[in-house]
K.L.:
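Dropping the structure in here first, questions after.
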Amino acid sequence: MERKHLLASTSLLVLFVLILTNCKPKSDSDEETLLLLAAAASTRICANSSFTGTTVVNSTATLNASTDCITGMTSSMSADLPAWIRNNFKCAVGSVSGSNYVFRSQNVPNNKSYYFGSSSPMYEALAGGQTPAGNNQIQSQCLVYSIPSVPAEKTGTKTGTQSGYVSVGITVNGLAIFNNAAAPGDTLASEVSTFDKFNGHPQTSGVYHHHAQPLNVSNNNANLIGVLLDGFPVYGQLCDGGTADTGNDAAPGTGTPILDANHGHTANTVLFPGGIYHYHYANDTTAGTNTLIGSQFHGTPGTVSN
Ligand SMILES: [Zn+2]
Ligand SMILES: [Zn+2]
């Protein structure tokens, strides 16, 4: 009898977890984390005029032509941030705090998406063959990232991206980067079929995110995609190798140096002429699709909250 009860409540919990998260955030099946996310859901939105701008309402959301962000969202990078951030990041509020870069983001994409809902000016049908991720819709968030400004390789056991993070990094257009895991019982290979035309989709809680290369930022090229929590930059599938000529951009792995297990290597890039460790989107056998970040941080991750 007791055992039955236990099984019943376990089933309920599993059902709850499945309802709560279409796919894992950063991600994990840690019930405690998921429950914390649930508790935070009702107080999640903190956008206001002095923070990240006015809260985006999907039914009236439009793109601001001058900021290339949703109208009402603040897009500002403070003058003390380095040029590679100031000149590339938007649709978020960036600043320097001690030895960290801080990004605050509503996390609403500046691209059309099925997941704005059909009544939104930002709505766009899914591509043929794609299937919606339930009734999930994009919702304004309050993501705050604190990222070390001087990233360093973590020696010894590296920190996994699989648990404890509501996002593992931020894209140059202010969006959450998720790792290579899907929701329990799902594989990312199957979730790919729910991606919108820009390779993104929202969780049940409305957090729009990219597991695979964000096509609004980098169409499988060598563009800067964003930065992970450990402070190391993320690039598309190709590496610019430190030259502005895009004709010689190449996918690392076919030459030298080959990407490590975390999809990174140290090489010169246009933005970092002296060389820096950086990640690329690359083949990931865990996920069964070929444009994902690896499972561990190269450096010591900062913090993120929502
Ligand atoms: Zn997902
Ligand atoms: Zn590279």
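Just so we're clear, the structure is a prediction, and the values are computed from it rather than from any experiment. Numbering of ligands and ligand atoms starts at 1, following listing order.
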K.L.:
How about Tyr279 and His263: are their ring centroids closer than 6.0 Å?
P.N.:
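Tyr279 vs His263: aromatic centres not under 6.0 Å.
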
K.L.:
CZ of Phe198 to NE2 of His210: how many Å apart, nearest 0.5 Å?
P.N.:
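If I round to the nearest 0.5 Å, the distance is 9.0 Å.
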
K.L.:
Would you give the angle at the Zn ion (ligand 2) between His278 atom NE2 and His280 atom NE2, to the nearest 10°?
P.N.:
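Value returned, to the nearest 10°, is 100°.
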
K.L.:
Looking from the Zn ion (ligand 1), what is the angle between NE2 on His209 and NE2 on His201, to the nearest 10°?
P.N.:
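Vertex the Zn ion (ligand 1), arms to NE2 of His209 and NE2 of His201: 100°.
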
K.L.:
Round to 10° and report the angle made at the Zn ion (ligand 2) by SG of Cys239 and NE2 of His265.
P.N.:
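My answer is 120°, to the nearest 10°.
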
K.L.:
Centres of the Tyr115 and Tyr208 rings: under 6.0 Å?
P.N.:
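No, ring centres 6.0 Å or more apart.
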
K.L.:
Quick one: does Tyr114's side chain get under 4.5 Å of Pro132's, heavy atoms only?
P.N.:
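Result yes, sub-4.5 Å side-chain heavy-atom pair found.
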
